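Note that the structure is predicted; figures quoted are calculated from it, not measured. Chain naming here is simple, since letters A, B, ... match the order of the sequence lines and numbering starts at 1 in each.
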Number of protein chains: 2
Amino acid sequence: MDDIGHKDRPEHEGIVVRAARIQDVAKLADVSTATVSRALATPERVSPEARARVLEAIAKTGYVPNPAARTLRSQKTYMVLVVLPDLANTFFSKILRGIEETLFEAGYGMIISDLDGSPEKEAHFAAFTAAGRVDGAILLNGHLFGQSREGEGNPARITIPLVALCEGIPGADIPQIEIDNRAAASRMTQHLASLGHRSIAYVSGPPGNILERERFQGFKDGLAASGLPFDPGLLIAGDYTIESGMRAGQDIVVRQDRPTAVFCTSDEMAIGLMRTLFSAGLSIPTDISVAGFDDIEFAAVAEPALTTIRQPRRELGQAAASALIDLLQGRSSPKRIRLETELVIRDSVAPL
Amino acid sequence: MDDIGHKDRPEHEGIVVRAARIQDVAKLADVSTATVSRALATPERVSPEARARVLEAIAKTGYVPNPAARTLRSQKTYMVLVVLPDLANTFFSKILRGIEETLFEAGYGMIISDLDGSPEKEAHFAAFTAAGRVDGAILLNGHLFGQSREGEGNPARITIPLVALCEGIPGADIPQIEIDNRAAASRMTQHLASLGHRSIAYVSGPPGNILERERFQGFKDGLAASGLPFDPGLLIAGDYTIESGMRAGQDIVVRQDRPTAVFCTSDEMAIGLMRTLFSAGLSIPTDISVAGFDDIEFAAVAEPALTTIRQPRRELGQAAASALIDLLQGRSSPKRIRLETELVIRDSVAPL
DNA sequence: GTGAAAGCGCTAACAC
DNA sequence: GTGTTAGCGCTTTCAC
């Protein structure tokens with residue numbers, strides 16, 4: 001730093017010059033700074049000659065507008081916050097990519113916050129958002145800021161556009177982008193039943209989770225539609241992780257009266273569960289059928305290949321980003337967007 | 001917007017008030033704005049009484065400093081850019097989490113850019129970085145901005161602190177955080193050889209990739225150390241993806257003279273390859289041993305469980321973030337940090 | 001269509 | 001230890 005905090009930029013080898021500002025461009029193009037600004041933001045309001053001179057000057061100086069100054073003045077950051085419960089969960093990566101590419105095309109950047117179950121982090125990002133560092137946010141964590149613990153008093157209120165993705169937020173008046181979890185779970189259950197399975201175990205997601213509630217409803221719907229009774233004894237607690245799937249497998253292995261099929265509400269759990277069943281000497285699907293949910297990359301290459309429900313993850317991300325961009329640019333957005341799922345039949349489920 | 005672009009904040013039901021600024025706090029605490037600023041940045045330089053009044057006023061007003069104004073003035077963004085080749089690759093998620101948590105603790109936010117093989121995106125983020133939107137960057141993509149296509153002329157030069165993670169950047173004079181790929185690959189090769197395997201196939205990463213170059217060297221080292229000849233016929237081209245692993249499996253299946261072990265340089269490829277071998281009726285490790293690299297989550301639950309090299313992914317992320325923070329705060333950082341890997345022995349490799 | 005000038009909210013230099 | 005003030009770089013009235 002040679003100067004009061006300016007960014008430096010080597011122009012010629014060894015000679016350090018401060019970065020070009022709008023004034024430099026204006027001077028070079030022989031116009032006012034206002035015209036430079038307009039040439040960039042609203043070219044149609046600038047004469048072609050002036051515009052050409054400005055563009056040339058920009059090219060010559062390598063001018064890039066200072067975003068902090070722009071934000072300070074215009075109150076727009078062109079940044080979107082994406083709130084995740086867990087960045088290390090592979091389920092999110094394709095969704096993130098869908099979000100990122102759509103945001104990118106519209107000129108928005110993406111800031112990721114991994115809540116990691118930490119209320120401090122959540123408070124931090126709530127403040128961050130309230131401070132105007134982002135124009136909008138996409139919430140994948142199933143609740144609004146500050147709603148994790150109810151009735152905790154209100155921190156700085158968030159007034160920017162918000163969109164909920166995957167995990168709907170019941171009370172919130174914001175666009176919700178999701179799949180029909182209930183219908184999908186019902187479909188899988190009916191598929192299992194149609195193959196002759198009458199004793200179908202259900203490995204749940206975390207208690208209270210909205211996806212879990214919907215999928216569980218779907219499971220019961222499917223049972224009912226197939227004329228099967230609901231047996232609470234066939235419910236096994238899980239939390240969508242590989243580890244909980246392995247634990248669920250233990251549970252099943254030790255039962256004297258084993259179910260003939262297991263519906264795991266995530267592929268991770270299904271893969272973990274299959275691991276445990278194998279280790280116990282069972283074979284799939286001969287001894288027991290296993291179904292998953294999500295269709296992550298590894299579902300197709302698992303041994304046996306996993307029968308599951310495909311979620312259009314990339315499209316979900318794209319749809320959420322599009323909805324948010326609509327809001328950001330003053331357009332309206334449908335309150336609920338539901339994308340189609342697909343029953344993917346592979347080898348882990350067989351007729352009884 | 002009721003006003004010239006100010007952010008609004010509901011204070012009481014229905015009444016909308018603009019967000020508190022430093023002046024509001026100063027007035028309420030009966031000090032100057034400078035004192036408020038100091039009370040936040042350098043509390044030790046403010047009298048305890050003044051500080052207490054300021055803190056109280058901040059609590060009362062719900063004041064959150066405007067980051068754009070702060071950045072404009074101080075030339076610091078407290079943002080770090082993380083450049084990834086592919087966000088959807090599950091290998092990165094745990095690394096990202098390591099980065100994020102370390103950055104977060106130090107008060108930095110993280111902006112993710114998924115290059116996605118697109119030169120336009122790369123140019124965009126180079127400009128983005130040059131424009132001063134971030135204080136530093138962590139590069140996971142194996143090259144500096146603008147170096148993807150050589151001799152393409154120089155866009156705005158990046159002068160902020162940079163750190164390379166996982167994929168080293170040979171010519172660059174920046175801290176490199178990585179594992180010893182060569183030693184790890186050599187170790188796995190020797191492990192295979194020690195079990196009696198003399199015909200070991202090698203499934204490579206993308207050509208030209210630095211990880212691939214190092215691991216390939218390690219493979220040859222390991223062969224040499226075990227007294228085995230190097231046979232180019234046992235090299236199979238891959239690119240670290242599941243799909244390329246499946247293709248490599250096809251290659252192996254059709255050989256009349258099959259290798260007895262396959263060293264895949266990513267777990268994804270190993271899992272894909274096992275899928276193909278299974279489908280062809282081979283059993284692992286009875287007919288053929290398969291080894292991976294990385295120890296992703298699914299390696300332990302694959303069937304059979306995958307013998308592989310564990311990379312400390314979270315720690316890699318943390319180390320890179322720490323190194324960058326050191327640079328950002330004017331401290332120096334070692335030019336090369338190498339974290340330990342571990343040979344994880346599971347069931348996919350057996351003695352000949 | 002263009003320019004002058006105000007000012008976004010903050011920090012840092014300087015004076016006391 | 002504290003206040004005054006300039007000004008970071010831009011956009012946006014307002015006047016012409």
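Using a 4.0 Å heavy-atom distance criterion, Ser37(A) is classed as a base contact. Within 4.0 Å of Ala41(A), counting heavy atoms only, lies no atom of the nucleic acid at all. Contacts of Ala68(B) with the nucleic acid, taken as non-hydrogen atoms under 4.0 Å apart, are absent. Looking at heavy-atom distances under 4.0 Å, Pro67(A) makes no contact with the nucleic acid at all.
Counting only N and O atoms by type, the side chains of Thr77(B) and Asp135(B) include a donor and acceptor under 3.5 Å apart.
Close to dG1(D), at under 4.0 Å from its OP1 or OP2, lies no side-chain N or O of Arg45(B). In this structure, Ser74(A) does not reach the dC8(C) phosphate: none of its side-chain N or O atoms is under 4.0 Å from OP1 or OP2. A sub-4.0 Å separation between OP1 or OP2 of dG3(D) and a side-chain N or O of Thr35(B) is present.
Atom NZ of Lys27(B) sits in a sparse spot, with 12 or fewer heavy atoms from other residues, nucleotides or ligands closer than 6.0 Å.
Distance, Leu72(A) CG to dT11(C) C1': 12 Å, rounded to whole Å. Rounded to whole angstrom, the span from the CD1 atom of Ile22(A) across to the C1' atom of dG7(D) amounts to 16 Å. Rounded to an integer number of Å, the gap from CZ of Arg70(A) to C1' of dG7(C) is 17 Å. Between Lys27(B) atom NZ and dC10(C) atom C1' there is a gap of 16 Å when expressed in whole angstrom units. As rounded to whole Å, 10 Å separates atom C1' of dT11(D) from atom CZ of Arg38(A). Atom pair Arg53(A):CZ and dG1(C):P shows a separation of 15 Å (rounding to whole Å applied). If you measure from atom CG of Leu40(B) to atom P of dA12(C), you get 12 Å, rounded to the nearest angstrom. One can place CZ of Arg133(B) at 13 Å from P of dC10(D), the figure rounded to the nearest angstrom.
For the pair Thr33(A) and Thr35(A), the minimum side-chain heavy-atom distance is 4.5 Å or more. Side-chain contact between Leu162(A) and Phe145(A) is absent, with no heavy atoms from C-beta onward closer than 4.5 Å.
Counting only heavy atoms from C-beta on, Ser47(A) has its side chain closest to dG1(C) among dG9(D), dG1(C), dC10(C). When distances run from any side-chain atom of Arg21(A) to the nucleotides dC10(D), dG9(C), dG3(C), the shortest one goes to dC10(D). The side chain of Asn66(A) sits closest to dC10(D) out of dC10(D), dT2(C), dG9(C). Here the side chain of Ala34(B) is nearest to one of dC10(C), dC10(D), dA12(C), namely dA12(C).
Thr71(A) places a side-chain N or O within donor-acceptor distance of the main-chain N or O of Lys76(A), the cut-off being under 3.5 Å.
The rotation axes computed at either terminus of the helix from dG1(C)-dC16(D) to dC16(C)-dG1(D) lie 30° apart, taking five pairs at each end and rounding to 10 degrees.
The minimum heavy-atom distance between Ile160(B) and Gly136(B), with the atom names listed, is CD1-CA, 3.7 Å.
Looking at Arg73(B), its side chain has no donor and acceptor atom pair within 3.5 Å of the base of dG9(D). Between the side chain of Arg51(B) and the base of dG1(D), no donor-acceptor pair of N or O atoms lies under 3.5 Å.
Using bins of under 30°, 30° to 60° and over 60° for the plane-to-plane angle, the ring pair Tyr108(B)/Tyr78(B) lands in the tilted bin.
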Distance-only check: which donor-acceptor pairs under 3.5 Å involve side-chain atoms of residues 319-329 of chain A, not counting sequence neighbours?
| residue | atom | partner | partner atom | Å |
| --- | --- | --- | --- | --- |
| Ser322(A) | OG | Gln318(A) | O | 3.0 |
| Asp326(A) | OD1 | Arg331(A) | NH1 | 2.3 |
| Gln329(A) | OE1 | Arg331(A) | NH2 | 2.1 |

